[in-house]
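Working notes for the structure below.
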Amino acid sequence: MVRAWTLPMLLVLCGSVVATGLVFSGTPGAAAAHLLVCVLLAGVNSPLVFPKSVGAVEAQRRSAVDGRPVVFWRPGCKYCLRLHIRLGRSARQLHWVDIWRDPAGAAVVRSANDGDETVPTVVVAGRPHVNPDPEWVREQLSRSA
């Protein structure tokens with residue numbers, strides 16, 4: 001759990017330190033702008049922007065029932081964020097598994113990627129696809145509906 005928040009906490013901490021220095025140097029406007037950018041970056045890289053994660057076993061069970069893809073992701077991954085943003089509201093229909101919170105999910109990703117934890121890994125009908133095109137994922141989602 002702590003690992004998922006390490007990057008966002010570092011962004012806020014570093015932004016606060018730099019903003020404090022800017023305030024003391026007489027540029028409070030730049031300090032506020034810098035701190036705002038760091039807080040926004042922290043928010044984007046936090047687990048808060050993704051739908052609630054479920055465990056790998058539960059996600060696979062749900063996928064078997066409804067046919068929706070399972071997305072294995074981790075906080076701070078720019079490719080996972082890109083997939084989530086490009087899918088828009090459709091992203092909420094997928095089953096998301098945070099591999100940093102679920103060891104079984106990390107094991108699934110490692111088995112699909114020759115031991116590497118490469119994310120996003122999208123599993124559709126039992127077949128893993130590493131860093132797929134968001135349009136392809138959207139098509140798979142529409143097929144399951």
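In this chain, residues are counted from 1 in sequence order. Because the structure is a prediction, the values reported are computed rather than measured.
When all heavy atoms are compared, the tightest approach of Leu35 to Ala19 is CB-CB, 4.1 Å. Of all heavy-atom pairs spanning Pro28 and Val23, the tightest one is CA-CG2, 4.4 Å. Between Val97 and Gly105, the closest heavy-atom pair is CG1-CA, 4.1 Å. Scanning both residues, Arg74 and Cys80, for their nearest heavy atoms gives N-SG, 3.9 Å. In terms of heavy atoms, Ala56 sits closest to Phe72 at CB-CE2, 3.9 Å. Scanning both residues, Gly15 and His34, for their nearest heavy atoms gives O-CD2, 3.7 Å.
Between the OG atom in Ser53 and the CH2 atom in Trp100 there is a gap of 12.5 Å [rounded to 0.5 Å]. From Leu87, atom CG reaches atom CD of Glu135 across 8.0 Å, with rounding to the nearest 0.5 Å. From Ser90, atom OG reaches atom CZ of Arg138 across 5.0 Å, with rounding to the nearest 0.5 Å. Between the CZ atom of Arg82 and the CG atom of Asn131 there is a distance of 5.5 Å, given to the nearest 0.5 Å. Distance check, rounded to the nearest 0.5 Å: CD1 of Ile99 to CH2 of Trp73 gives 10.0 Å. Note that the CG atom of Leu11 and the CG atom of Leu40 stand 11.0 Å from one another [nearest 0.5 Å].
Listed for the Ser63 side chain is no donor-acceptor partner under 3.5 Å among the backbone atoms of Ala59. A donor-acceptor contact shorter than 3.5 Å links the side chain of Arg68 to the backbone of Gln93. Distance alone, capped at 3.5 Å, is enough to place a donor-acceptor pair between the Ser25 side chain and the Leu22 backbone.
Side-chain contact between Arg62 and Val70 is absent, with no heavy-atom pair separated by less than 4.5 Å.
Ring to ring, His129 and Trp136 are close: their centroids are under 6.0 angstrom apart.
Leu94 and Tyr79 end up in different hydrophobic clusters when Ile, Leu, Val, Met, Phe, Trp and Tyr side chains are linked at under 4.5 Å. Cluster membership check: Val12 does not share its hydrophobic cluster with Trp5, using side-chain heavy-atom separations under 4.5 Å among Ile, Leu, Val, Met, Phe, Trp and Tyr. Under the 4.5 Å side-chain heavy-atom criterion for grouping Ile, Leu, Val, Met, Phe, Trp and Tyr, Leu7 is connected to Val37 within one hydrophobic cluster. Taking hydrophobic clusters as Ile, Leu, Val, Met, Phe, Trp and Tyr residues chained together by side-chain heavy-atom distances below 4.5 Å, Leu13 does not share a cluster with Met9. Put simply, Val39 and Leu10 are part of two different groups of oily side chains (I, L, V, M, F, W, Y) that touch within less than 4.5 Å, one to the next.
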Solution key, residues 117-128 side-chain donor-acceptor pairs under 3.5 Å, sequence neighbours excluded:
unit_1 : atom_1 : unit_2 : atom_2 : d
Glu117 : OE2    : Arg110 : NH1    : 2.6
Thr121 : OG1    : Asn113 : ND2    : 3.2
Thr121 : OG1    : Thr118 : O      : 2.5

